[in-house]
Amino acid sequence: MSSAPGTPRPPRRRDRHGRGMRGPLAPSHVPIAKSRSERFDDLVLDAVDRLRPRWSKQLAAMEFAVEDVPPARELGDGPGLLTGEPVPFGRVEPAAADRPAVVVIYRRPLEARARDRDQLGAMVHDTVVEQVAGLLGLSPESVDPGYDGRD
């Protein structure tokens, strides 16, 4: 269908059927609707919640954060990377006068190391336990008796 010369064309629609953009594929309350980073955040929160009954007072004085990768300053320089120095899974920033202690968990190194979601959850939990233990000056086994340091 062509328009006569000099006649303005009607405005184009978003798609050829005139329906516009499609909605989300899944409702927002189902797990498949979450992004990978949102699911990882949930694993970190679950790990913290598992420690809360025993360490609620100490955990209240901490903040937990997730970053994609460790900063370059934590990775070392060139040849040091080839010596087998492990990539960190997390770090702790001790409390300062104006802010609480912060436990940072690195998402990408943990995801790259895990075979499946179950192993990822276990690795996230162990990493949270290790970081909290380091901050409290305790062994990971005393923070969580179920800790076994699995890789």
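Since the structure is predicted, the reported quantities are computational estimates derived from the model, not experimental observations.
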Asp144: side-chain hydrogen bond (donor to acceptor under 3.5 Å, both in side chains) partners, not counting sequence neighbours
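Partners of Asp144 under the side-chain hydrogen bond (donor to acceptor under 3.5 Å, both in side chains) test: His125.
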Looking only at heavy atoms, which two atoms of [X] and [Y] are closest? And how far apart?
{"X": "Val48", "Y": "Leu59", "result": "O-CD1, 3.8 Å"}
{"X": "Pro109", "Y": "Pro70", "result": "CG-CD, 3.9 Å"}
{"X": "Ala101", "Y": "Leu135", "result": "CB-CD2, 3.5 Å"}
{"X": "Pro100", "Y": "Ala61", "result": "CB-O, 3.4 Å"}
{"X": "Arg99", "Y": "Pro94", "result": "NH1-O, 3.1 Å"}

Kindly compute the distance separating [atom1] ([X]) from [atom2] ([Y]), expressed to the nearest 0.5 Å.
{"X": "Arg113", "Y": "Phe89", "atom1": "CZ", "atom2": "CZ", "value": "4.5 Å"}
{"X": "Tyr147", "Y": "Thr127", "atom1": "OH", "atom2": "OG1", "value": "8.0 Å"}
{"X": "Leu45", "Y": "Phe64", "atom1": "CG", "atom2": "CZ", "value": "9.5 Å"}
{"X": "Ser37", "Y": "Glu67", "atom1": "OG", "atom2": "CD", "value": "13.5 Å"}
{"X": "Gln131", "Y": "Leu136", "atom1": "CD", "atom2": "CG", "value": "11.5 Å"}

With the side chain counted from C-beta on, respond yes when Phe40 and Leu110 share a heavy-atom pair under 4.5 Å apart, and no when they do not.
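Contact flag for Phe40/Leu110 side chains = yes.
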Given side chains that start at C-beta, do those of Arg54 and Pro145 come closer than 4.5 Å, heavy atoms only?
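Yes, at least one pair of side-chain atoms sits under 4.5 Å.
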Who pairs with Asp46 by side-chain contact (heavy atoms from CB on, under 4.5 Å), at least two apart in sequence or on another chain?
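With sequence neighbours excluded, Asp46 shows a side-chain contact (heavy atoms from CB on, under 4.5 Å) to no residue whatsoever.
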Taking only residues two or more places apart in sequence, or in another chain, which ones meet Asp116 in a side-chain contact (heavy atoms from CB on, under 4.5 Å)?
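Asp116: side-chain contact (heavy atoms from CB on, under 4.5 Å) contacts with Asp118, Gln119.
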Between Ser142 and Ser139 (side chain of the first, backbone of the second, donor and acceptor by atom type, cut-off under 3.5 Å), is there such a pair?
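Yes, Ser142 side chain to Ser139 backbone: donor-acceptor pair under 3.5 Å.
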Working note: Trp55 + Val132, criterion side chain to side chain contact (heavy atoms under 4.5 Å, CB included); need CA distance, chi angles, decisive distance, verdict.
CA-CA 10 Å; Trp55 301 98; Val132 169; 5.7 Å; no
Tell me whether Asp68 is salt-bridged to Arg108, with the criterion being a basic N under 4.0 Å from an acidic carboxylate O.
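Arg108 and Asp68: not salt-bridged.
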Under the rule for salt bridge (Lys or Arg N to Asp or Glu O under 4.0 Å), what residues qualify as partners of Glu93, not counting sequence neighbours?
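So Glu93 forms a salt bridge (Lys or Arg N to Asp or Glu O under 4.0 Å) with Arg91.
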Salt bridge (Lys or Arg N to Asp or Glu O under 4.0 Å) partners for Arg52, two or more places apart
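Partners of Arg52 by the salt bridge (Lys or Arg N to Asp or Glu O under 4.0 Å) criterion, ordered by chain and then number, come out as Asp49.
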How is the hydrophobic cluster of Val104 composed, in terms of its other members, when Ile, Leu, Val, Met, Phe, Trp and Tyr link through side-chain heavy atoms under 4.5 Å apart, directly or indirectly?
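Answer for Val104: Val102, Tyr106.
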